[in-house]
**Student:** 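A single structure is presented below for examination.
Every heavy atom of this structure was used, including side-chain atoms; hydrogens, water molecules and symmetry mates were not. Predicted model, so just to flag it, every value in this text is computed and none were measured.
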Amino acid sequence: IQGNVRSTDGADHVLQVDMFIDGRKVETVALPTAENRRRFIPFWKYELPDGRHTVRLSITNPSPGATMNLTRAIVYG
C-alpha cells in the first residue's frame with residue numbers, strides 16, 4: 001500500500017497504524033510526518049496465498065495535526 005503522512009500544523013507527528021490482513025493483525029507501523037524519517041512505502045506483505053484478501057488499516061493514535069493519504073495498492077500475483 002503506497003501513501004504518506006503529512007503534518008497539517010507544522011509540528012512533527014508519528015502515527016501508529018495497525019495493518020490487518022484477512023482480519024488478523026500482521027504489523028504495527030510507526031509513520032512519522034518528518035520527511036527525513038518517513039517510510040517511502042508504508043505497508044507491504046509478501047508471500048500471501050493466491051486468492052482474495054481484505055486489508056484494513058487502523059490509526060491507533062489519531063492526531064488532529066496529521067493526515068494519512070493512501071494513493072494505491074499494488075498486487076503481485
Side-chain angles (χ1 to χ4, degrees):
I1 306 289
Q2 293 182 337
N4 59 47
V5 294
R6 291 186 12 220
S7 174
T8 59
D9 63 5
D12 288 336
H13 302 274
V14 179
L15 295 180
Q16 299 289 329
V17 183
D18 290 338
M19 178 179 174
F20 297 83
I21 298 177
D22 299 331
R24 292 184 49 213
K25 182 174 156 181
V26 295
E27 182 177 19
T28 298
V29 179
L31 299 175
T33 59
E35 290 184 16
N36 62 341
R37 296 185 322 157
R38 64 182 168 185
R39 289 172 71 157
F40 178 67
I41 299 175
F43 309 100
W44 63 87
K45 184 68 175 165
Y46 296 109
E47 299 181 9
L48 292 172
D50 287 341
R52 295 181 67 98
H53 298 281
T54 302
V55 176
R56 183 172 62 90
L57 305 172
S58 176
I59 301 173
T60 61
N61 66 335
S63 171
T67 62
M68 181 171 68
N69 301 301
L70 303 178
T71 56
R72 71 186 76 168
I74 299 173
V75 179
Y76 300 96

**Student:** Is any side-chain heavy atom of Leu15 closer than 4.5 Å to a side-chain heavy atom of Asn61?
**Tutor:**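 Yes, their side chains come closer than 4.5 Å.
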
**Student:** Answer yes if Phe20 and Val29 sit in the same cluster of Ile, Leu, Val, Met, Phe, Trp and Tyr residues linked by side chain heavy atoms under 4.5 Å apart, and no otherwise.
**Tutor:**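 Result: no, two separate clusters.
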
**Student:** Are Val55 and Leu31 joined in one hydrophobic group, where the rule is that I, L, V, M, F, W and Y side chains link up if heavy atoms are under 4.5 Å apart?
**Tutor:**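 The answer is yes; both residues are in one hydrophobic cluster.
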
**Student:** Hey, does Arg56 have a side-chain heavy atom less than 4.5 Å from the side chain of Met19?
**Tutor:**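 No, their side chains stay 4.5 Å or more apart.
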
**Student:** Search all heavy atoms of Pro64 against all heavy atoms of Thr8 and return the closest pair with its distance.
**Tutor:**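 Nearest pair, atom of Pro64 first, then Thr8: O-OG1, 3.6 Å.
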
**Student:** Going by atom type alone, with no hydrogens or angles, which donor-acceptor pairs under 3.5 Å involve a side-chain atom of residues 33-44 and a protein atom two or more places apart or on another chain?
**Tutor:**
{"from": "Thr33", "atom 1": "OG1", "to": "His13", "atom 2": "N", "distance (Å)": "2.9"}
{"from": "Thr33", "atom 1": "OG1", "to": "His13", "atom 2": "O", "distance (Å)": "3.3"}
{"from": "Arg38", "atom 1": "NH1", "to": "Val5", "atom 2": "O", "distance (Å)": "3.4"}

**Student:** Could you work out, with side chain to side chain donor-acceptor pair (under 3.5 Å) as the rule, every residue matching Ser7, not counting sequence neighbours?
**Tutor:**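 Listed in chain order: Asp9.
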
**Student:** Would you say that Asp22 contacts Leu48 through its side chain, given a criterion of any heavy-atom pair below 4.5 Å between the two side chains?
**Tutor:**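 A side-chain contact under 4.5 Å is absent here.
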
**Student:** Between Asp18 and Thr28, is any side-chain donor less than 3.5 angstrom from a side-chain acceptor?
**Tutor:**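 Yes, because at least one side-chain N or O of Asp18 sits under 3.5 Å from a partner of the opposite role on Thr28.
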
**Student:** For Leu57 versus Ile1, what's the shortest heavy-atom pair and its separation?
**Tutor:**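 Closest heavy-atom pair between Leu57 and Ile1: CD1-CG2, 4.4 Å.
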
**Student:** Side chain to side chain contact (heavy atoms under 4.5 Å, CB included) between Gln16 and Ile59: does it pass, once the steps are laid out?
**Tutor:** CA-CA 6 Å; Gln16 299 289 329; Ile59 301 173; over 6 Å; no

**Student:** Could you give the distance from OG1 (Thr71) to CG (Asn69), rounded to the nearest 0.5 Å?
**Tutor:**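 Going from OG1 on Thr71 over to CG on Asn69, the span is 8.5 Å.
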
**Student:** Side chain to side chain donor-acceptor pair (under 3.5 Å) with Arg72: which residues, sequence neighbours excluded?
**Tutor:**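 In terms of side chain to side chain donor-acceptor pair (under 3.5 Å), with neighbours along the sequence ignored, Arg72 is linked to Gln2.
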
